[in-house]
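Worth saying up front: this structure is predicted, and the values here are computed from it rather than measured.
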Amino acid sequence: MARAGLTTERLVRAGAELADEVGFDQVTLSALARQFDVKVASLYSHLKNSHDLRTGIALLALEELADRGAAALAGRAGKDALTAFADVYRDYAREHPGRYAAAQFRLDPEAAVASAGGRHAQMSRAILRGYDLTEPDQTHAVRLLGSVFHGFVSLELAGGFSHSAPGAQESWTWTLDHLDTLLRSWSTPGEKT
């Protein structure tokens, strides 16, 4: 029988908060059960296992990021949209490091299709419409943006930029300025410009 007050949503949210505190890799059903002062068996009517919990946290994080991204992009285009979208990822990662890590969790194909991951790709493509890119270059550019955002944010969270000047913010601004320049002057290899 399910313990009163425990729901899948409540457990996933508590797991997300725990991920932000101790790291996504440390989130297990055992750790969650300790938070609620219940036996692990009490969670099984809501979650199958730790993988199920981590999937739920990943889906929550993707949804939160997509909602923030959509709000940030409203009414923006070009470099303004690029910067707003990039800042959403960076700010979210700094506020919710465990959830941000969860957003990178490999989902099974069915969960991935049902997730907000598609919204992220749509928003990236919406930004790129302001740069007049066509396929397959648009797909390459979506992957480039994701790689740059995630790479920078991951290195920053790991302390990779804290030991030298200039500061991370200056490098972030420089990076976004140069991404904008690259996207505005995009050419396919072999193409004459």
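Taking a cutoff of 4.0 Å between a charged side-chain nitrogen and a carboxylate oxygen, R68 and E64 do not qualify as a salt bridge. Salt bridge annotation for R90-D87: absent, with no cationic side-chain nitrogen under 4.0 angstrom from a carboxylate oxygen.
Side chain of H46 to main chain of L6: a donor-acceptor pair is present (N/O by atom type, distance under 3.5 Å, no hydrogens or angles). At distances below 3.5 Å, not a single donor-acceptor pair connects side-chain atoms of D20 with backbone N or O atoms of E95. With hydrogens and angles disregarded, no donor-acceptor distance shorter than 3.5 Å links the side chain of R99 to the backbone of A19.
Remark: aromatic rings of F105 and H51 are close, center separation under 6.0 Å. Under the 6.0 Å cut-off for aromatic ring centres, Y100 and H96 do not qualify, their centroids lying 6.0 Å or more apart.
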Inset, instruction - Start with the C-alpha distance between T139 and R125, add both sets of side-chain angles, then the distance that settles side-chain hydrogen bond (donor to acceptor under 3.5 Å, both in side chains), and finish with yes or no. - result: CA-CA 8 Å; T139 296; R125 289 179 184 281; 2.9 Å; yes
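The environment of CD in E135 is crowded: more than 12 heavy-atom neighbours from other residues, nucleotides or ligands sit within 6.0 Å. Around the CZ atom of R94, the shell of radius 6.0 Å holds more than 12 heavy atoms that belong to other residues, nucleotides or ligands. The environment of CG in D177 is crowded: more than 12 heavy-atom neighbours from other residues, nucleotides or ligands sit within 6.0 Å.
Remark: R34 CZ to L29 CG distance equals 11.0 Å, nearest 0.5 Å. With values rounded to the nearest 0.5 angstrom, F85 atom CZ is found 6.5 Å from F149 atom CZ. One finds the CZ atom of R54 at 7.0 Å from the OG1 atom of T28 (value rounded to the nearest 0.5 Å). Rounding to the nearest 0.5 Å gives a distance of 11.0 Å between CZ of F24 and CG of L18. The line from CD1 of I127 to CG of L183 is 9.5 Å long, rounded to the nearest 0.5 Å. Note: L182 CG to T175 OG1 = 12.0 Å, rounded to the nearest 0.5 Å.
Summarising the geometry of Q138 relative to L133, their closest heavy-atom pair is NE2-O, 3.4 Å, with the distance given to 0.1 Å. Considering all non-hydrogen atoms of both residues, T55 and A111 come closest at CG2-CB, 4.4 Å. Taking all atoms of both residues into account, the shortest heavy-atom contact from L59 to S115 is CD2-CB, 3.4 Å.
Side-chain contact between E9 and L60 is absent, with no heavy atoms from C-beta onward closer than 4.5 Å. Looking only at side-chain heavy atoms (C-beta outward), V27 and L32 stay at 4.5 Å or farther from each other. For the pair L176 and L179, the minimum side-chain heavy-atom distance is below 4.5 Å. Looking only at side-chain heavy atoms (C-beta outward), D132 and W186 stay at 4.5 Å or farther from each other. Looking only at side-chain heavy atoms (C-beta outward), Y92 and V153 stay at 4.5 Å or farther from each other. E63 is listed as a side-chain neighbour of R119, based on a closest heavy-atom distance under 4.5 Å.
Taken together through direct or relayed side-chain contacts under 4.5 Å among Ile, Leu, Val, Met, Phe, Trp and Tyr, W172 and W174 form parts of separate hydrophobic clusters.
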